[in-house]
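Read through the structure below, which is laid out as structure tokens, and then see the notes.
So that the names make sense, note that chain A is the first sequence line, chain B the second, and so on, each numbered from 1.
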Amino acid sequence: MTATREIQFREALREAMSEEMRRDERIFLIGEEVAQYNGAYKVSQGMLDEFGPKRIIDSPISENGFAGMGIAAAMYGLRPIVEFMSWSFSLVAADQILNNAPKMLYMSGGQWGCPIVFRGNDGAGGQLGSTHSWCVEGLYSNVPGVKIVIPSNPYDAKGLLKTAIRDDDPVFFLESERMLGDKGHVPEEEYTIPFGQAELRRGSWDQPADCTLVSFGRPVNFCLDAADELLKEGITCHVLDMRTIRPLDMESVVRSLKQTGRLVVVDQCWPFASVASEVITQTCERAFDYLDHQPLRVNSDDVPTPYAKALEAAYLPNKGKIIGAVKKTMGLL
Amino acid sequence: MSSTTVKPSSPTTRPAASPKAERSLSAALPDATVIKWLRDMVLIREFENRTAQAYQQAKIGGFCHLYTGQEAAAVGTIGAVEHDDPVILAYRDHGHALARGMDPGVCMAEMFGKITGCAKGKGGSMHMFDKPNWLFGGHGIVGAQTPLGAGLAFASKYEVEVLKRSVDGGPPKKKVTLCYLGDGALNQGALHEAMNLAGLYGLPVIYIVENNGYSMGTSIERGTTMAHDLIKKADAYGMEGRVIDGFDVLSLYDHFKPLVDLCREKQVPAFVDLKTYRYLGHSMSDPQKYRTKEEVEQYKAKDSIDALAAHLMNVRKKKDGSPCLTEAEFLEMQKDVKEVVRRAIDFAEQSPAPDPEAELYSDVLVNPQPGMSPIREYHQGAKNPLL
């Protein structure tokens, strides 16, 4: 039974939190609607019943306030999990999460770290318009002192979240509203996934391929679709799921590139100064001689996220854009 | 707009508690405690004088905000709490750090940007952190420390209610967090979110507005609604509010200590409009055109150090009926303090600067991992001098 157990992404997140909370009483969850409402997206469903209102805490709509509260509780010695209903709303908490959480250890000369997890939905949720569709990884990965995790499937979500909760540094954990209902294999046995280890999802380390697709979070799934489609035409891809942005497993990118000579980075952020830009820059710094074609990026378009279904679809990275980019690196377009 | 009115004394519907209030609590304190407060205030005054000199000599860089004139505020409030009650500050933080027990040499060395400073020279004047003294930092962004203050109170209450032990494994203890802010922070959203959270969750934190009448060059009336009755802001968040005179340290203690006791016992928040005044500019680069010399002189006339010294020499008696402090003893105290601060300057001056190779990439992460930075790996640096 356990070998084939399939659960939703949201259940995987809940299991990670609940298991860790059973293990360590210092952990608590705070956020909007996490307790009595059972989670705006039902991630924390049932947790109030198990852990009670002193550990599953409904907050008012005060992101800057409760983010800061969590940060100081972490400094003091607790292990907070702070849920942002959407990472879009974290922008009003920017001072706390960018100025305080990542810099406290440095500003205090090593006296106080900040073992806290901020988690919530990142990226376009489906016609939510420009203010509610933020991909914050482009902005936030610019700041030293945070670890940034972005899983693409339920198995990784659980294993990475458990690692995040146990980590002694601030972790930004980016989920996607569009993936919360995705089902995947998650064993009942305990496991964790270390940060900084990309997973090869298509292709094999000892098999050359035509192109390396590098992605993280939800767009990994677009890459898998694109790779499957390309295979029908005889074009082979490595699909590398980075799983964490900081740390960034460039060793694996370079290792794959040595087998392919071509690189396409797929990233839901805007293109300018994005994570894709960073992956490509580091690739050029480390492995320029292995490139047979200039690296390409597939990002969201460089405009505010539109509302209309057709415009939003045109704006986001998708299978077609990825296939086009791969073919371009091969001189086929 | 230059103003000739005396801001902190402007008409209020709830006047500051009278300095002449009965001194039952402070009168019961050991003489040595009150003499120590005088010494701490003298120390802060002298320390800031030498800080100003060092700044003018370019030995201290960046922004530097001096506490001169406000000494009683830090000493009287910190004197009313336990050593393991959390304290968190804004950026005018040298005085509180010293009152809390930070070594003056370590404090000065931080401003000199030396490895022997409290943040190994990585924080500077605005970031005085002292873990052994439960001082959770000076904070540079106006109001940013106020949600943190709520969080410290949340954590201490969590120890009592959930863990039923301290995070270090000791017995649980009812604590009170002191969270200081300037009157300029009254208008930051962070404070209002924090006060709402503190009121909502019943967090034992006291927001102490060190109301010196000016946020930089803007007098409180020009930036803050209800400036004549700030306690209404406490009412709005369902917490106790007090107006307290911050010039007379004994009166301050007499009025503040019962509030601390209440917040500790009932585990609830409070808000204090602590009337004070800074003699010097907002920072070292402030020409102070927004106020008159006469106004400053008016406040200097009721200087908290002079007042306490006079009280100890002329009013307060030892058990044997002799004065609590003689003029000779006061002079000796001032001489001692000068020597302490001189040594602090020497210590700061003679300490080495942090070595970039060892310290630039340390203290970024507790748990450094490969691949965190494209430039080089983070690592553990030198042990903090306070730990």
Looking only at heavy atoms, which two atoms of [X] and [Y] are closest? And how far apart?
X         : Y         : answer
Pro370(B) : Pro247(A) : O-CB, 3.2 Å
Ala155(B) : Ala73(A)  : CB-CA, 4.0 Å
Leu365(B) : Leu105(A) : C-CD2, 3.4 Å
Gln111(A) : Asn384(B) : CG-ND2, 3.3 Å
Tyr76(A)  : Lys175(B) : OH-NZ, 3.2 Å

[X] portion near chain B, given a 4.5 angstrom heavy-atom threshold:
X         : answer
Met250(A) : neither
Lys147(A) : both
Gln282(A) : side chain

Please classify the contact between [X] and chain A as side chain, backbone, both or neither, with a heavy-atom cut-off of under 4.5 Å.
X         : result
Ile88(B)  : neither
Glu159(B) : side chain
Leu191(B) : neither
Val366(B) : both
Leu163(B) : both
Asn196(B) : side chain
Ile115(B) : neither
Leu360(B) : both
Tyr158(B) : side chain
Leu197(B) : side chain

Which members of [range], sorted by number, sit under 4.5 angstrom from chain B on a heavy-atom basis?
range                       : answer
residues 89-97 of chain A   : Asp95(A), Gln96(A)
residues 54-69 of chain A   : Lys54(A), Arg55(A), Ile57(A), Asp58(A), Ser59(A), Pro60(A), Ser62(A), Glu63(A), Asn64(A), Gly65(A), Phe66(A), Gly68(A), Met69(A)
residues 161-171 of chain A : Asp167(A), Asp168(A), Asp169(A)

Tell me whether Phe347(B) at atom CZ has more than 12 heavy atoms from other residues, nucleotides or ligands lying less than 6.0 Å away.
yes
For residues 83-94 of chain A, which residue pairs qualify under salt bridge (Lys or Arg N to Asp or Glu O under 4.0 Å), counting only residues two or more places apart or in two chains?
Glu83(A)-Arg119(A)
Working to the nearest 0.5 Å, report the span between CG of Asn100(A) and NE2 of His139(B).
6.5 Å
So which of Ser108(A), Ala74(A), Gly77(A) has the biggest tally of heavy-atom pairs under 4.5 Å with chain B?
Ser108(A)
Contact leader toward chain A among [options], where contacts are heavy-atom pairs under 4.5 Å:
options                                    : result
Cys118(B), Ser166(B), Ala153(B), Gly123(B) : Cys118(B)
Pro374(B), Gly189(B), Ala194(B), Ala190(B) : Pro374(B)
Lys120(B), Gln369(B), Gln380(B)            : Gln369(B)
His127(B), Glu110(B), Met195(B)            : His127(B)
Thr146(B), Leu203(B), Val162(B), Asp168(B) : Val162(B)

Backbone of Tyr361(B) reached by a side-chain donor or acceptor of Tyr106(A) within 3.5 Å:
no
Check the pair Lys122(B), Lys103(A) against side chain to side chain contact (heavy atoms under 4.5 Å, CB included), reporting the backbone distance first and the verdict last.
CA-CA 10 Å; Lys122(B) 294 175 177 181; Lys103(A) 299 177 184 168; over 6 Å; no
Run the side chain to side chain contact (heavy atoms under 4.5 Å, CB included) check on Ile30(A) and Phe154(B) step by step: do they pass?
CA-CA 12 Å; Ile30(A) 187 167; Phe154(B) 174 90; 5.5 Å; no
